[in-house]
Amino acid sequence: MSESPIFVNNATVAKYLTPEIATEAVETVFIELYRQNAQNFPVVRERIESQDAVFGIKSGVLGTSELGLKAGGYWPGNAAHGLENHQSSVILLNPDTGQISAVVEGGLITALRTAAASAISIARFARQDASTLAMIGAGGQAPYQLDAALRAHPFQTVLAWNRSPEKLATLEAVAKRHDVAFQAPGLEASVRKADVIITILSSHEPLIKADWVAPGTHLACMGTDTIGKQEVEPALFARSQIFTDEIAQSIKIGEAQHAVQAGLISTNIIAHIGAVVSSDHAGRISDEEITLFDGTGVALQDIVCARAVLKASSAEGDAN
Ligand code: NAD
């Protein structure tokens, strides 16, 4: 018998997807991908010429419990109509039958699960004495990234840079809420002084130079999720211990694509963050090494978060 699919909007996601629930969901996905109990399917990413838009589909299956996809992308004309340029929807399917069970608005889920992913890397890889966080980028994702990072580790100072400095106010407000000092000393100085760096740009060039990064730094490179995007100089990969959420994606569409293409690293040195979360891998081995998390974003992160929202909102009679 088929039941009507449930629709869950961003307001319901905001009510039920706490940072704790997002973290638990993303850690589960990291572990299950590492243990090969889950499959992440190849990403579809195409241009829609008529709207100058980019459309993508990410999908995956987790054991016998989850099957689904996230469809969406970037429509640059939306802002002129008072809409977000980034739009996405998460579709949950029954893994036994393929029937649809829910459609969940994807914008807020994306922001919270991506923030949870980089915060998990910070909790695992930042030096215990790390006190300064550099935020490189101040677009839509950045305030969520900063909020999750400040929850994950007791930073004392946030240094932030964005191509358009007026956007930094959103990050300053987050730092203020956490009672953490906030400065904007420029790109190079932010990188040089940081113990932890989050990059969350839609850049196609390596703005962060390898020799600016001090020994002992942890980087969460979160912006590169497409062929051609790039945030850091590939030489940095040759100096770092590298982790990712999904190795095939890291090599193809993640930040590692450039270091692999340049022959600077072999693909077998990229480790799965799930190995660290499940305690099969030690993670950081010294206070001097640089650790780099190449967070490419997998649909199962959206799917497991969406499922958690669906369960919690249904239990409260809030889903429709
Ligand atoms: P946004 O459009 O709101 O912000 C883009 C940011 O990139 C801004 O800070 C902008 O100033 C900066 N930027 C763009 N081009 C630049 C350039 N050439 N030089 C310097 N800065 C530049 O986007 P967003 O929603 O904040 O997403 C940021 C990036 O993260 C995007 O590339 C997006 O695709 C990616 N993303 C990744 C994941 C993941 O799971 N890894 C999830 C969501 C978004």
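Ligands are counted one by one from 1 in listed order, and the atoms in each one are counted from 1 as well.
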Is there any N or O on [X] that sits under 3.5 Å from an N or O of ligand 1?
X      : value
Ser164 : no
Gly137 : no
Glu205 : no
Lys229 : yes
Trp161 : no
Ile200 : no

Original post:
Quick one: nearest non-hydrogen protein atom to atom 24 (P) of ligand 1, plus distance?
Top reply: Gln141 CG, 3.4 Å
Looking only at heavy atoms, is any part of [X] under 4.0 Å from ligand 1, and if so is it the side chain, the backbone, or both, or is it neither?
X      : value
Arg113 : side chain
Lys167 : neither
Ser202 : both

Subject >> Identified side chain to side chain contact (heavy atoms under 4.5 Å, CB included) partner of Gln257 from the options Ile251, Thr226, Ile227 >> reply: Ile227
Subject >> Centroid-centroid distance, Phe243 to Phe125, less than 6.0 Å >> reply: yes
Original post:
Counting only N and O atoms by type, is there a donor-acceptor contact under 3.5 Å from the side chain of Thr244 to the main-chain atoms of Ile247?
Top reply: no
Original post:
Between His272 (side chain) and Asp245 (backbone), is there a donor-acceptor pair under 3.5 Å?
Top reply: yes
Subject >> Any side-chain heavy-atom pair of Asn78 and Gln87 under 4.5 Å >> reply: yes
Subject >> Winner among Thr224, Leu201, Leu207 once heavy atoms are compared against atom 20 (C) of ligand 1 >> reply: Leu207
Original post:
Which one of Thr226, Thr199, Thr114, Asn162 has a non-hydrogen atom at the shortest distance from atom 39 (C) of ligand 1?
Top reply: Thr114
